[in-house]
There are 2 protein chains.
Amino acid sequence: MLSKKCKYAIHALVYLAERYQEGPVHIQEIAEKKSIPKKFLEAILLELRNAKMLHSKKGKGGGYYLYQKPSDVNLMDVIRLMDGAIAMLPCVSLNYYEKCEECRNEKTCGIRDSFIKVRDQTLEILGGATLDKIMKREKALGAK
Amino acid sequence: MLSKKCKYAIHALVYLAERYQEGPVHIQEIAEKKSIPKKFLEAILLELRNAKMLHSKKGKGGGYYLYQKPSDVNLMDVIRLMDGAIAMLPCVSLNYYEKCEECRNEKTCGIRDSFIKVRDQTLEILGGATLDKIMKREKALGAK
DNA sequence: GTTAAATCCTATTGATTTGGTAGACATTAA
DNA sequence: TTAATGTCTACCAAATCAATAGGATTTAAC
């Protein structure tokens, strides 16, 4: 399951995608519109900024805005940043690989194969889920 | 990520699949062979038994053994039992559905779609990953 | 240059989950 | 009767998650 932090991050990014190229949006507004605790959101946006997904402008009239085009930001990257590995086993993770203590021998482990398939399918879907596609879908579904 | 409990359960089941129709295997043996803390394994096997995945025999000469054929036990069921939902969002889970607090309106949520696809792909792969296939793979890979 | 509005940063907290342990009890084979 | 085994309830420590507190810093506007 995705953490709340990750879900908040996704919702905040979608919101900023809707405001793309309209200047900085401040935390307070995102927090209110998306019902996210402001202080928690603060930490999340900061993390997204440090990962170069967002830019920020300090001081009066400041706020956050997308660093890249909505079509260049996908759920795979956001989830990896917020929650870490996408794979279901550490020993099949591409970005957060760790040896499985439980496996005596990774080469002959019979269960890894299925989880490698799951990982690849998942990455393909989430890698293709970009902010612009999410926005388009919401419009198509009639969101106001 | 799968919990340790879930990984232990899978390894224990694979071990019991290798001993299928050879009578009860006791906890101690599984714990030693698979390097699982005995007391923890005890609780896990009990849960698998309550879910009708295993049978047990009490008293001297007792132990655990598979309830069904190895070809009838798959990773999807084991994971659901041990860790709960397989889906990445509660609102797309088939067996553990819950409303997403974050979504104002599920019907118009633009992100659910990707997670439904991930869920379906994952279920298909894990549903097909049966104990007998895992055993065959281990043999093919040369496990001793 | 003062002030108000905003982000930035560090630390802390409470609740829940995870991983594991202790010990008594019940059942069965020999 | 006894030793071996599963069953059950309770407990505990550490980690993680979700959230909060309280300033420090930066900037625009006056």
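Just so you know, these numbers come straight off a predicted model, no measurement behind them. These values consider heavy atoms only, across backbone and side chains, with no hydrogens, waters or symmetry-generated copies. In what follows, every chain begins at residue 1, and chains take the letters A, B, ... in the order their sequences are listed.
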Query - Contact list for DNA chain D against residues 50-64 of chain A - heavy-atom distance below 4.0 Å - result: A:K57, A:K58, A:G59, A:K60
Report summary line: Of B:Q28 and A:D83, the one whose nearest nucleotide on DNA chain D sits closer to the 5' end is B:Q28
Query - Where at least one partner belongs to residues 127-136 of chain B, residue pairs that pass salt bridge (Lys or Arg N to Asp or Glu O under 4.0 Å), sequence neighbours excluded - result: B:D132-B:K136
Requested in this report: Side-chain contact test, heavy atoms from C-beta onward, threshold under 4.5 Å: evaluate it for B:C100 versus B:C109 and give yes or no.
Outcome: no
Query raised in the report: Nearest-Å distance, CD (A:E29) to C1' (C:dT7)?
Result: 15 Å
Query raised in the report: CE/B:M88 to OG/A:S3 distance, rounded to the nearest 0.5 angstrom?
Result: 10.0 Å
Report summary line: Separation of C:dT7 atom C1' from A:Y65 atom OH, nearest Å, is 13 Å
Query - Residues forming a ring-ring contact (aromatic ring centres under 6.0 Å, His included) with A:Y65, sequence neighbours excluded - result: A:H55
Query raised in the report: Please give, in whole Å, the distance from C:dT17 P to A:M1 CE?
Result: 13 Å
**Report entry** Strand-adjacent residues in residues 4-23 of chain A, judged by heavy atoms under 4.0 Å from DNA chain D
**Finding:** A:K4, A:K5, A:Y8
Report summary line: Hits for ring-ring contact (aromatic ring centres under 6.0 Å, His included) against A:Y20, two or more places apart or cross-chain, chain-then-number order -> none
Side-chain donor-acceptor pairs of residues 37-50 of chain A under 3.5 Å, sequence neighbours excluded:
unit_1: A:E47; atom_1: OE1; unit_2: A:K5; atom_2: NZ; d: 3.2
unit_1: A:R49; atom_1: NE; unit_2: A:S56; atom_2: OG; d: 3.1
unit_1: A:N50; atom_1: ND2; unit_2: A:L46; atom_2: O; d: 3.4

Requested in this report: Provide the start and end nucleotides, 5' to 3', of the part of DNA chain D that has atoms under 4.0 Å from heavy atoms of chain A.
Outcome: D:dA18 to D:dA28
Query - Whether B:R112 side chain and B:C91 backbone form a donor-acceptor pair below 3.5 Å - result: yes
Requested in this report: Strictly below 4.0 Å, heavy-atom distances to any atom of DNA chain D: list the hits from residues 36-46 of chain A, or just say none.
Outcome: A:P37, A:K39, A:F40
Query raised in the report: Where do B:T130 and B:P70 come nearest, in terms of heavy atoms and distance?
Result: CB-O, 3.8 Å
Report task. Go through the structure and list residues passing ring-ring contact (aromatic ring centres under 6.0 Å, His included) with B:Y64, not counting sequence neighbours. Result -> none
Requested in this report: Spell out, as yes or no, whether a donor-acceptor pair under 3.5 Å connects the side chain of A:Q68 to the backbone of A:V73.
Outcome: no
Query - Test salt bridge (charged side-chain N to carboxylate O under 4.0 Å, His left out) applied to B:R137 - qualifying residues, sequence neighbours left out - result: A:D113
Query raised in the report: Given the rule that I, L, V, M, F, W and Y join up when any side-chain heavy atoms are under 4.5 Å apart, are B:L2 and A:I116 in one cluster?
Result: yes
**Report entry** Rounded to 10 degrees, the angle between the two terminal axes of the helix from C:dG1-D:dC30 to C:dA30-D:dT1, each from five pairs
**Finding:** 10°
Report task. Working to the nearest 0.5 Å, report the span between CD of B:E32 and CD of B:Q28. Result -> 4.5 Å
Requested in this report: Please list all pairs passing the side chain to side chain donor-acceptor pair (under 3.5 Å) test where one or both residues lie in residues 88-98 of chain B, with sequence neighbours left out.
Outcome: B:Y97-B:E106
Query raised in the report: Can any side-chain N or O of A:N74 pair as donor or acceptor with the backbone N or O of A:A129 at less than 3.5 Å?
Result: no
